[in-house]
There are 2 protein chains.
Amino acid sequence: MRLYKSVRKMVATLVDVARMAQVSTMTVSRVINNKDLVGEATYQRVMEAVEALSYVPNSAARSLVSRQNKAIAVLIASVVNPYYGLVMEGIENVAEANGYSVLLINANQQEKYPSCIDNVISRGVSGFISSHLNLHQAHIDKLLKHGIKCVLIDNEQDLDGIASIKSDHRFGASVAVEHLIGLGHRRIGLIHGNLGMNLKDDDHGKEEKYSFNLWRLRYEGFIATVRKHGLHIPQDYIIQSDASIEANVNSGMLAMDRLMDLPSPPTAVYAGNDLFAIGALNAVLHRGLRVPRDYSIIGHGGIDATKYTFPVLTCVKQPRFEIGCHAATMVIDLIEGNTREGQPPVFEVIRPSLVPGGSTGSIA
Amino acid sequence: MRLYKSVRKMVATLVDVARMAQVSTMTVSRVINNKDLVGEATYQRVMEAVEALSYVPNSAARSLVSRQNKAIAVLIASVVNPYYGLVMEGIENVAEANGYSVLLINANQQEKYPSCIDNVISRGVSGFISSHLNLHQAHIDKLLKHGIKCVLIDNEQDLDGIASIKSDHRFGASVAVEHLIGLGHRRIGLIHGNLGMNLKDDDHGKEEKYSFNLWRLRYEGFIATVRKHGLHIPQDYIIQSDASIEANVNSGMLAMDRLMDLPSPPTAVYAGNDLFAIGALNAVLHRGLRVPRDYSIIGHGGIDATKYTFPVLTCVKQPRFEIGCHAATMVIDLIEGNTREGQPPVFEVIRPSLVPGGSTGSIA
DNA sequence: AACGCTAACGTTAGCGTTAACAATGCGATT
DNA sequence: AATCGCATTGTTAACGCTAACGTTAGCGTT
């Protein structure tokens with residue numbers, strides 16, 4: 001006789017419940033899954049046993065047999081980035097409402113992607129959401145091969161046939177600029193991040209064509225809109241800054257300083273993200289000037305911090321919560337086969353909207 | 001002959017790898033777990049097969065047999081709360097470095113706790129961390145009964161014998177007040193949240209004694225410190241506000257307005273959290289007054305938003321990243337049995353530190 | 001009365017992995 | 001040469017659960 005059970009078994013299993021309720025394990029299984037027909041009396045007896053033993057189903061066993069574990073892996077670049085909070089919240093909400101769990105995975109460096117992907121596969125999750133990463137076809141293919149349904153949020157590259165959600169950054173930029181123009185501004189500055197052109201030819205990047213880049217899209221939206229209104233924007237009104245999470249606000253300040261130092265500075269600035277905008281705002285205040293009296297400033301993103309500034313920052317807001325909800329709904333639909341077979345993958349574009357604050361005003 | 005395999009098997013398993021490498025499954029298992037001795041040649045052969053089949057171990061099967069799934073569940077009240085970001089980051093970092101995954105669970109309402117706990121148990125995680133919740137002994141007992149190791153971060157109630165991490169809120173408050181007194185302030189206001197006394201006697205709360213409440217501790221720290229310096233603080237310098245995440249900044253503004261309207265207002269304010277402080281700051285600026293010229297303001301927490309204000313907010317900073325790291329290290333130690341059997345559970349107290357900013361200054 | 005039908009429940013096997021033990025082979029030791 | 005020891009690999013059963021199918025009893029139908 002082997003001594004497998006040396007570690008005393010402390011947790012009740014289906015077998016224990018079955019024994020206690022004097023039924024077969026299958027009946028217990030049916031009861032706790034609310035399916036098939038089970039007699040009323042039996043049902044009660046089983047439930048009592050479940051209570052008495054405080055039985056909780058073992059999901060490892062479940063997913064082993066069902067090849068589904070009702071979990072969704074979420075890959076994001078940084079938990080700290082205030083942008084993701086609401087996205088996560090949206091995902092979590094929908095997931096929870098559908099009985100799914102969320103596996104959070106930090107993919108802060110591109111080199112880590114492969115191991116993250118393996119991790120995801122190994123965990124046997126049913127669904128996968130990535131947010132604002134730069135996943136390649138190969139990564140996704142591996143996931144798909146393992147039967148994992150994928151949804152991408154604002155992936156840098158366009159990937160064929162993968163369900164995805166994108167923010168309409170170009171549109172957002174145009175909303176911002178239209179707002180400023182509507183207020184009478186004709187000299188408008190732009191602070192943006194890395195446009196993703198002229199990439200260094202490193203090993204990974206050689207064959208990549210960035211068909212999607214947040215900064216370039218916002219830049220293009222800006223240019224298109226000012227052009228549409230026939231405004232002439234001098235080259236030195238457009239400043240590229242460091243958008244890394246650590247530098248953000250600071251580089252916004254530096255950029256604004258440069259703009260204010262121009263012989264003929266802009267009267268309004270569209271900052272490509274909220275932290276730039278906050279930095280710009282602070283730079284103005286630092287000189288003892290006022291917003292929006294001296295400069296109007298508008299941000300893009302809609303993070304909470306925009307509500308904490310004085311004056312409150314006007315910004316273009318991305319519906320982050322909704323994006324998260326959408327993404328989760330999409331994966332779950334994919335997992336549960338709610339989408340018709342032949343149908344092409346969902347490909348949603350979400351439009352941001354203007355949130356008026358106190359940092360923009362009519363030109364004097 | 002049954003038709004089990006009707007869904008074509010698309011993912012390679014140990015058996016496939018074993019067959020390809022002409023060895024037993026056990027040998028493959030040994031190879032991928034890098035343990036026991038495996039011959040060099042065999043090792044290579046197996047690894048090749050693993051590569052060729054792009055085999056990824058099935059963690060459901062693993063955890064079924066090992067009763068461990070190298071996952072840690074993290075229960076927090078709100079993903080959006082900027083406070084948790086860095087805590088999560090710390091947890092994630094340590095977890096990942098040790099091969100653990102993080103299961104994120106949103107427990108935004110106290111009524112949801114039981115189902116969250118069941119969820120955690122069902123998922124069969126090895127470890128459990130909760131952050132800033134109000135878990136009861138019963139919740140934890142259920143987890144422990146199922147062999148799940150628990151660590152609590154700033155749980156509202158003290159629970160016997162459970163490893164936990166606490167911030168020294170009282171000390172933090174004293175640091176803040178000492179800082180203000182050091183600058184010459186003698187009329188100091190306090191904005192705080194619900195002290196958790198005089199609780200309504202609802203069904204759940206009848207037998208509860210809150211031995212730990214963030215706001216009360218900070219309040220006590222404030223009182224003790226001003227008393228130590230022999231300062232007289234009139235009752236109307238102390239304002240209780242709504243600290244819910246939605247109201248935070250606004251209620252900080254309202255509170256500061258009330259303070260400024262006093263016939264003899266304080267010269268400095270210790271706001272019990274950063275968002276209160278930001279609100280207070282904005283209230284001052286709104287009146288066209290200046291910080292710290294007219295009022296000094298200090299916050300407590302150290303969220304990123306403190307760096308975005310103008311002037312930058314002086315605050316007492318809780319080492320959130322470190323707290324997360326600690327918590328994760330503690331659970332993993334518990335899980336892997338690195339702690340001696342007889343040893344009492346770890347019970348750590350973390351002290352915050354002052355982060356000087358521009359919102360506090362010497363009294364005129 | 002023989003039949004079929006169906007609701008209610010039971011049996012069996014298998015999901016992919018690993019712990020425990022067994023077996024093998026080969027050089028070294030006595 | 002027989003024995004021992006060790007390194008390496010194999011065999012078996014079990015983890016907890018559920019899909020697929022089998023069985024039973026009670027009912028109505030012809």
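Residue numbers start from 1 in every chain, and the chains themselves are labelled A, B, ... in the order their sequence lines are given, proteins ahead of strands. Quick caveat: nothing in here was measured; it's all calculated off a predicted structure.
- Figure legend. D:dT30 is base-paired to C:dA1; pairs are counted as Watson-Crick or G-U wobble with both atom distances under 3.5 Å.
- Looking only at side-chain heavy atoms (C-beta outward), A:R62 and A:N69 stay at 4.5 Å or farther from each other.
- When both pairing distances are held under 3.5 Å, D:dG16 makes a Watson-Crick or G-U pair with C:dC15.
- Two residues are said to be in side-chain contact when any heavy atoms from C-beta on lie closer than 4.5 Å; B:M330 and B:E348 meet this criterion.
- Atom CG in B:L14 sits roughly 15 Å away from atom P in D:dT11 (whole-Å rounding).
- Toward the 5' end of DNA chain D, the nearer of the two residues B:T42 and A:N58, judged by each one's closest nucleotide, is B:T42.
- Side-chain N/O atoms of B:S29 include one lying less than 4.0 angstrom from OP1 or OP2 on C:dT18.
- Protein atom OH of A:Y55 is 7 Å distant from nucleotide atom C1' of D:dG16, rounded to whole Å.
- When heavy atoms are screened at a 4.0 angstrom cut-off, B:Y43 is found touching no nucleic acid atom at all.
- Rounded to a whole Å, the CE atom of A:M26 is 17 Å from the P atom of C:dA7.
- Nearer to the 5' terminus of DNA chain D, by closest-nucleotide assignment, is the contact made by B:A41 (compared with the other of B:A41 and B:V65).
- The side chain of B:V38 lies closest to D:dT9 when the candidates are D:dT18, C:dT18, D:dT9.
- One N or O donor and one acceptor, one from the side chain of A:R30 and one from the base of C:dG10, sit under 3.5 Å apart.
- If you measure from atom CG of B:L64 to atom P of C:dG14, you get 17 Å, rounded to the nearest angstrom.
- Between A:D118 and A:K142, at least one side-chain nitrogen of the basic residue sits less than 4.0 Å from a carboxylate oxygen of the acidic one, meeting the salt-bridge criterion.
- Contact check for A:Y100 versus A:I335: side-chain heavy atoms found under the 4.5 Å cut-off.
- Put simply, B:S24 has a side-chain N or O that comes within less than 4.0 Å of OP1 or OP2 on D:dG10.
- Nearest nucleotide to the side chain of B:I32, out of C:dT18, D:dG10, C:dG10: C:dT18.
- In this structure, A:R45 atom CZ and C:dC9 atom C1' are separated by 11 Å, rounded to whole Å.
- Contact annotation for B:S66: no contact, since no heavy-atom pair falls under 4.0 Å across all strands.
- A heavy-atom distance below 4.5 Å is found between the side chains of B:I148 and B:I121.
- Here the C1' atom of nucleotide C:dG16 and the CZ atom of B:R62 are 10 Å apart, to the nearest Å.
- OP1 or OP2 of C:dG16 sits under 4.0 Å from a side-chain N or O of A:R67.
- For A:T25, the listed nucleotide lying nearest its side chain is D:dT18; candidates were D:dC17, C:dC9, D:dT18.
- Relative to the side chain of B:V23, the nucleotides D:dG16, D:dG10, D:dT8 differ in distance, and D:dG10 lies closest.
- At whole-Å resolution of the value, NZ in A:K70 and P in D:dC17 are 17 Å apart.
- Look at CG on B:N33: it is 17 Å from P on D:dT8, rounded to the nearest Å.
- Side-chain contact check for B:L86 versus B:I323: every heavy-atom pair is 4.5 Å or farther apart.
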